[in-house]
Amino acid sequence: QVQLVESGGALVQPGGSLKLSCVVSGFTLDYYAITWFRQAPGKEREGVSCISSTFDTIFDADSVKGRFTGSRDNGKNTVYLQMNSLEPEDTAVYYCATDLTFLCRDKWYDDREYDYWGQGVEVTVSS
């Protein structure tokens with residue numbers, strides 16, 4: 001049974017940092033890409049970062065490039081999203097997801113491609 005469980009969400013001040021974790025089970029993380037999405041209030045879900053099994057990482061260039069860093073520790077079955085220089089616009093529910101592919105798809109940001117999702121974790125950036 002494929003499961004993904006996010007943690008690490010919090011209330012943080014603008015300019016602060018936060019690290020999200022996504023622990024997976026039911027499959028071997030070594031062989032599969034994991035993608036982070038987020039959904040802000042009143043907005044559609046958007047792709048944030050895809051981390052392939054080969055450790056290549058793709059970011060949403062317009063919104064998080066240079067501020068967010070995806071990583072993974074296959075030994076711990078965990079994928080991370082390090083978020084720095086947080087802005088109020090980063091306030092959202094963050095999800096990790098997988099479609100059990102080896103590499104990130106060309107349209108890795110299209111949430112319709114994904115079959116397995118975590119429950120989401122809230123990140124609020126506010127003073």
- Query: Just by distance, do the side chain of T98 and the backbone of A33 share a donor-acceptor pair under 3.5 Å?
  - Reply: yes

- Item | side-chain contact (heavy atoms from CB on, under 4.5 Å) assessment of D73 paired with S71 | CA-CA 7 Å; D73 184 338; S71 63; over 6 Å; no

- S49 and L81, any side-chain heavy atoms less than 4.5 Å apart: yes

- Item | V23-Y94 co-clustered via ILVMFWY side chain contacts under 4.5 Å | no

- Task: May I have the step-by-step check of side-chain contact (heavy atoms from CB on, under 4.5 Å) for V48 and F68, ending in yes or no?
- Result: CA-CA 8 Å; V48 174; F68 289 13; 3.6 Å; yes

- Kindly indicate whether the side chain of S17, heavy atoms from C-beta on, has any atom under 4.5 Å from the side chain of Q82. yes

- Task: Please examine the side chains of Q1 and Q3, heavy atoms only from C-beta on, and report whether any two atoms are closer than 4.5 Å.
- Result: yes

- Query: Just checking, is any N or O donor in the side chain of S126 or T124 under 3.5 Å from an acceptor N or O on the other one?
  - Reply: no

- Message: For a 4.5 angstrom cut-off between non-hydrogen side-chain atoms, does Y80 reach T69?
- Response: no

- V2-L29 co-clustered via ILVMFWY side chain contacts under 4.5 Å: yes

- Item | Close side-chain approach of R38 to V93, heavy-atom, < 4.5 Å | no

- Task: For this output row, return yes or no: ring centroids of Y31 and F102 closer than 6.0 angstrom.
- Result: no

- Message: Tell me if a side-chain donor or acceptor on Q119 pairs with a main-chain N or O of E6 at a distance below 3.5 Å.
- Response: yes

- Query: When you look at CG of D106, are more than 12 heavy atoms from neighbouring residues, nucleotides or ligands closer to it than 6.0 Å?
  - Reply: no

- Query: Donor-acceptor pair, T78 side chain versus K76 backbone, under 3.5 Å?
  - Reply: yes

- Do W36 and I51 have side chains that get closer than 4.5 Å, going by heavy atoms? yes

- Item | Check: W117 and L4 side chains under 4.5 Å, non-hydrogen atoms | no

- Rounded to the nearest 0.5 Å, the CE atom of M83 sits from the CG atom of L20 at a distance of 3.5 Å

- Task: Please report the C-alpha distance between D90 and V123 in whole Å, then the side-chain angles of each, then the deciding distance to 0.1 Å, and finally whether the side-chain contact (heavy atoms from CB on, under 4.5 Å) criterion is met.
- Result: CA-CA 8 Å; D90 296 316; V123 173; 5.6 Å; no

- Query: Quick one: are K107 and R112 in side-chain contact, heavy atoms under 4.5 Å?
  - Reply: no

- Query: Does any N or O in the side chain of T91 come within less than 3.5 Å of the main-chain N or O of V125, such that one atom is a donor and the other an acceptor?
  - Reply: yes

- Query: Which pairs with one or both residues in residues 113-127 pass salt bridge (charged side-chain N to carboxylate O under 4.0 Å, His left out), sequence neighbours excluded?
  - Reply: R105-E113

- Message: Which residue in the set Y114, Y95, W108 passes side chain to side chain donor-acceptor pair (under 3.5 Å) when paired with T35?
- Response: Y114

- Task: Go through the side-chain N and O atoms of T101 and D99 and say whether any donor and acceptor fall under 3.5 Å apart.
- Result: yes

- Item | Backbone of S85 reached by a side-chain donor or acceptor of R67 within 3.5 Å | yes

- Query: According to a 4.5 Å side-chain heavy-atom criterion applied to Ile, Leu, Val, Met, Phe, Trp and Tyr, with indirect links allowed, do V79 and L100 form part of one hydrophobic cluster?
  - Reply: yes

